2 protein chains.
Amino acid sequence: MNQPTQSAHTWQSIRAEVLRRIRSREWPPGSMIPNEADLAIELGCARATVNRALRDLAEAGVLDRRRRAGTRVAATPVRRAVLQIPVIRDEVAALGQPYGYRLLSREMAAPPPTVAATLSLPTGEAALHVRALHLSGAHPFVIEDRWITPAAAPGILDADLSQVSANEWLVRNAPFTAGTLSFGAVCADDQLAALLDCASGTPLLRLDRTTADGARIVTAAALTYHAGYRLRTTI
Amino acid sequence: MNQPTQSAHTWQSIRAEVLRRIRSREWPPGSMIPNEADLAIELGCARATVNRALRDLAEAGVLDRRRRAGTRVAATPVRRAVLQIPVIRDEVAALGQPYGYRLLSREMAAPPPTVAATLSLPTGEAALHVRALHLSGAHPFVIEDRWITPAAAPGILDADLSQVSANEWLVRNAPFTAGTLSFGAVCADDQLAALLDCASGTPLLRLDRTTADGARIVTAAALTYHAGYRLRTTI
DNA sequence: GAGAAAAATATGTATAGACATATATACCAT
DNA sequence: ATGGTATATATGTCTATACATATTTTTCTC
């Protein structure tokens with residue numbers, strides 16, 4: 001008397017049906033929807049399948065779920081956009097351009113106070129400072145200006161950063177558990193303009209990134225992209 | 001002889017153990033890991049539990065999984081950062097500031113060619129053009145410059161956009177299924193500078209957003225943020 | 001009525017078992 | 001060798017069942 005084990009009701013189809021009801025205003029924003037057990041009966045599938053579908057929609061921000069309180073349609077759906085943060089080499093390759101890399105400078109130095117604070121370094125303590133230019137074909141793509149806590153990235157001081165960018169070396173060799181990302185706009189100063197082959201004063205997108213392994217900040221990097229660069233994603 | 005139904009092995013604990021092995025280089029980047037069935041036996045839980053843990057790690061970009069081929073540790077983990085795109089009112093409120101809104105202009109007009117192309121509008125056909133300023137306390141926060149296809153947003157022509165921003169009206173009243181987002185940097189021209197209370201030439205972060213319901217583009221908006229604004233997220 | 005304790009309930013999750021599906025690999029015919 | 005076909009296998013998913021957990025609601029006590 002059991003249903004066939006694999007029914008026509010996949011969790012994706014359940015999710016599609018729920019989405020349809022939300023979009024048709026059958027279940028308007030802010031309203032409660034039936035509980036999992038009832039939905040399972042109505043739609044003719046197991047509760048686990050409904051759970052999978054609703055959990056997915058909750059992750060996407062379409063539903064709000066709370067134990068005992070039930071599930072409601074999000075009143076103002078907070079849309080989540082997923083940014084893919086690839087290794088720069090891969091990002092350039094995805095554009096169909098040959099990737100190039102040039103190490104500009106590499107030195108141990110005491111970072112400026114703001115960077116020292118970000119890295120939680122005692123004042124005056126030195127860190128590894130690396131600047132590099134990534135190229136897309138013959139054109140400058142992005143400038144990487146990075147500070148690294150050597151103690152948090154064992155081996156970095158022996159790495160040949162003229163061959164492999166710090167970006168890639170760290171991704172491959174320094175495990176990390178968390179990080180922050182922030183975007184802003186800056187004006188090209190003379191140095192940036194020369195490196196990125198644009199006019200001084202050109203507005204540029206800048207991405208600041210920190211990477212941590214547990215509580216310890218491994219690296220802080222500023223990526224300044226070439227003029228006209230846009231970061232794209234879909235919702 | 002069954003294990004107790006709720007064992008100490010939750011899918012989160014399985015995920016933590018897998019992550020530990022990856023980070024300790026027991027399973028180095030690029031290497032295969034045991035299949036689900038074997039892992040389930042080794043870790044003393046059901047395969048479904050292992051599946052849940054590994055699926056989660058695959059979604060996070062830590063693992064690559066393919067049917068029949070098995071599961072391997074991602075060689076260069078593509079990090080995914082999740083951007084929360086809240087309604088502007090909520091974003092300002094989250095900063096602890098009172099939210100303000102001022103409609104700058106509202107008119108039906110034929111959009112410039114680039115916008116017409118984005119909206120898939122026939123040349124010369126009019127669309128609703130709305131410009132508004134969102135305030136954080138007394139300070140300008142972001143300028144919204146938006147074109148709307150009225151046919152795709154029934155009711156928008158009757159909405160009182162001097163009270164509710166087009167942003168909010170659309171979120172609440174126009175169902176949408178997909179969209180694109182792109183970030184770039186622009187320089188403040190005289191008009192932007194005046195509205196955003198900054199010097200002409202200041203670099204500003206600009207977000208371009210399109211929203212679609214199925215194949216039909218509902219709206220295209222450009223959000224130009226105040227000087228110094230940073231978009232933040234965590235990895 | 002106020003506050004604490006108990007019951008009810010919706011979601012969250014684990015399990016065993018079965019089948020579905022993609023695809024790597026082995027095998028076979030040419 | 002080459003190309004097509006069969007087979008094996010790892011992941012993907014559904015089901016039924018049971019228990020866990022967070023809250024809300026109700027009931028009891030003072």
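No experiment lies behind these values; they were computed from the predicted model shown. The chains referred to below are lettered A, B, ... by the order of the sequence lines, with proteins before strands, and numbering in each begins at 1.
- Ring geometry for Tyr229(A) versus His226(A): interplanar angle over 60°, hence perpendicular rather than tilted (30 to 60°).
- Every side-chain hydrogen bond (donor to acceptor under 3.5 Å, both in side chains) that Arg230(A) has, sequence neighbours left out, goes to Ser182(B), Asp208(B).
- Take Thr118(A) and apply the side-chain hydrogen bond (donor to acceptor under 3.5 Å, both in side chains) test, not counting sequence neighbours, and it matches no residue.
- Between Arg15(B) atom CZ and dT13(C) atom P the separation is 10 Å, expressed in whole Å.
- Residues from residues 56-73 of chain A with heavy atoms under 4.0 angstrom of DNA chain D, sorted by number: Arg66(A), Arg67(A), Arg68(A).
- What separates CG of Asn51(B) from P of dT13(C) is a distance of 14 Å, to the nearest Å.
- Panel note: side chain Thr10(A), backbone Ser13(A); a donor-acceptor pair is recorded below 3.5 Å.
- Protein atom CH2 of Trp11(B) is 17 Å distant from nucleotide atom C1' of dT15(C), rounded to whole Å.
- For Arg15(A), the salt bridge (Lys or Arg N to Asp or Glu O under 4.0 Å) test picks out Asp56(A), with sequence neighbours left out.
- Take Arg25(A) and apply the salt bridge (Lys or Arg N to Asp or Glu O under 4.0 Å) test, not counting sequence neighbours, and it matches no residue.
- Not a single salt bridge (Lys or Arg N to Asp or Glu O under 4.0 Å) links Glu59(B) to another residue, sequence neighbours left out.
- The distance between atom CD of Glu36(B) and atom C1' of dT9(D), rounded to the nearest whole Å, is 12 Å.
- Within residues 16-34 of chain A, no residue is approached by DNA chain C to less than 4.0 Å at the level of any non-hydrogen atom.
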Per-pair distances, 0.1 Å, donor-acceptor, side chain in residues 141-148 of chain A, under 3.5 Å, sequence neighbours excluded:
from      : atom 1 : to        : atom 2 : distance (Å)
Glu144(A) : OE1    : His134(A) : NE2    : 2.6
Glu144(A) : OE2    : Arg146(A) : NE     : 2.7
Glu144(A) : OE2    : Arg146(A) : NH2    : 3.1
Glu144(A) : OE2    : Asn167(A) : N      : 3.2
Asp145(A) : OD1    : His129(A) : NE2    : 2.8
Arg146(A) : NH1    : Thr219(A) : OG1    : 3.2

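- Going from atom CZ of Arg47(B) over to atom P of dC14(D) covers 13 Å, rounded to whole Å.
- For Ala48(B) and Asn35(B), each mapped to the nucleotide of DNA chain D holding its nearest heavy atom, the one lying further toward the 5' end belongs to Asn35(B).
- Taking atom NE2 of residue His9(A) and atom C1' of nucleotide dC19(C), one finds them 17 Å apart after rounding to whole Å.
- Residue Gln12(B) places no side-chain N or O under 4.0 Å from the OP1 or OP2 atom of dG12(C).
- Residue Thr49(B) places at least one side-chain N or O closer than 4.0 Å to OP1 or OP2 of dT15(C).
- Every residue was checked against the side-chain hydrogen bond (donor to acceptor under 3.5 Å, both in side chains) condition with Arg68(A), not counting sequence neighbours, and none meets it.
- Rounded to an integer number of Å, the gap from CZ of Arg55(B) to C1' of dA10(D) is 15 Å.
- Atom CD1 of Ile14(B) and atom P of dA14(C) are 8 Å apart (whole Å).
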